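Some notes on the structure that comes next.
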Amino acid sequence: MAYVNFDTSKLGKFVHENELGEMQAMVNAADEQLRKGTGAGSDFRDWLDLPTNYDHEEFDRIKQAAAKIRKDSKFLIAIGIGGSYLGAQMAIDVLHNNFYTRNQDDTQVIFAGNSLSSSYLSELLDYVGDADFSINVISKSGTTTEPAIAFRIFREKLVAKYGEKEANSRIYVTTDKKQGALKREADVNGWESFVILDGVGGRYSVLSPVGLLPIAVSGASIDDLMAGARDAQNELTDPDLTKNPAYQYAAYRNILYRKGFTTEILENYEPNLRMFAEWWKQLAGESEGKDQKGIYPSSANFTTDLHSLGQYIQEGLRNLFETVIKLDTPNADVTVPSAEKDLDGLGYLEGKSLDWVNTKAYEGVVLAHTDGGVPVMTVHIPDEKEYSLGYLIYFFEVGIAISGYLNGINPFNQPGVEAYKKNMFGLLGKPGFEEIGDELNKRL
Ligand code: PA5
């Protein structure tokens, strides 16, 4: 029995009851591609074992580094982009209350190097001001432009504040074991380093040091996170579609996609799950969007976006399906208070819990959207604790990997990400890209 409850009970109008079973042979083939490494991209499957087969000495070093940073730094500047930051930011948002950084004296993890916005970086430099801080620079290739620039800027600030020697003790590097500019710099300067395994792609790296160090610095338990993922790893292996909800998720996505439901909206009813969707969008989009096909991953935050996107979802182009992440037990609940006079007309809700109201909204939306021609599936999670999140992360990683194989693509490469980089380097005048730059400048 899997820990998350995957509810497909409202799909009946869109998927005939035979259809899931008819996917079994394809799912078996996809499972073999993933588990036996017979599919494309097989060198990038080490994430499958991360919850059980990881470097324990390094895991302890992560905890020690986190304890030191929590002691000596008001801020950890976590520098990375794409898979090198989304998972950590997502986990920190999910695992802490919405206002933790404003209320507590804790070390605040702030993300940088995930855009080229000059305003963001200069405002962040001001925000950090004279406070104590450390840096975790995260880049598998060690050469990505956005984090490289942010690192240079924050390193300069670090050295200016502490001098070269102490600055070096406040820089933590997460990168490739052997290669890349960052690895070279780390070796020269003696920075504490953590390894991103060759076989773990960026979007599958949250349960590696990429995610674990910032998450540990936030005060969350990475032991519990890994425990949830470990149980998911053990439970979500059976290719039998009646027993494996992650595989069911992949199969239903494929069935819906082939019926023309080409956009999936990942939804939540909790503001601190917003980043979960951002992490999932990279996981799904980068894994599946290739060879001129793939489900387009998008997201919506409810009930907020029911007042903006709700109209489109209810009555717009009918190519949408929804996957809801529904939290079954909130961290805290509040009750609608009674009022002497019912001038606001809310008397019928007096004494009801806000979470009950939220759940009724969810139920109403599922039925309305289903009636409007939008298939809805729900992944229920019991709470927003580390164990549940670890399980959920693994659920989606496996589900998307199987989904990619079902759609006949390599779920582990990302050739399309390079196109913009070549152009940007050409236009920036990077050595080696001059010809591309000349060509592009003529077209601008
Ligand atoms: O998933 C991926 O591979 C990408 O999104 C990368 O994570 C992103 O481009 C950052 O790359 P790097 O970690 O090499 O700096």
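Numbers here simply count residues along the sequence, with the first being 1. This structure is a prediction, so every number in the text was calculated from the model and none was measured. Remember, it's 1-based here, ligands and their atoms both numbered in the order they're listed.
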Inset, instruction - Would you list the pairs meeting salt bridge (Lys or Arg N to Asp or Glu O under 4.0 Å) in which at least one residue belongs to residues 270-279, sequence neighbours left out? - result: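 For residues 270-279: Glu278-Lys281.
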
Inset, instruction - Would you list the pairs meeting salt bridge (Lys or Arg N to Asp or Glu O under 4.0 Å) in which at least one residue belongs to residues 379-391, sequence neighbours left out? - result: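 Qualifying pairs, neighbours excluded: none.
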
Legend entry - Ring centroid separation Phe321 to Tyr252 under 6.0 Å: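 Ring centres of Tyr252 and Phe321 not closer than 6.0 Å.
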
Legend entry - Aromatic centroids of Phe395 and Tyr3 separated by under 6.0 Å: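 Ring centroids of Tyr3 and Phe395 are no less than 6.0 Å from each other.
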
Legend entry - Selection residues 180-206 - residue pairs positive for ring pair (Phe, Tyr, Trp, His ring centres under 6.0 Å), sequence neighbours left out: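 Of all non-adjacent pairs touching residues 180-206, those that pass ring pair (Phe, Tyr, Trp, His ring centres under 6.0 Å) are Trp47-Tyr204, Phe151-Trp191, Tyr204-Phe412.
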
Inset, instruction - Look at the rings of Phe111 and Tyr85 and say which category their plane angle falls in: under 30° parallel, 30 to 60° tilted, over 60° perpendicular. - result: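 Phe111 vs Tyr85 ring planes: tilted.
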
Inset, instruction - Can you tell me which residues line ligand 1 if we count any heavy atom under 4.0 angstrom from one of its atoms, in chain and number order? - result: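 For ligand 1, the residues that come within the 4.0 Å heavy-atom cutoff are Ile81, Gly82, Gly83, Ser84, Ser139, Lys140, Ser141, Thr144, Gly202, Arg203, Gln282, Glu286, Gln414.
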
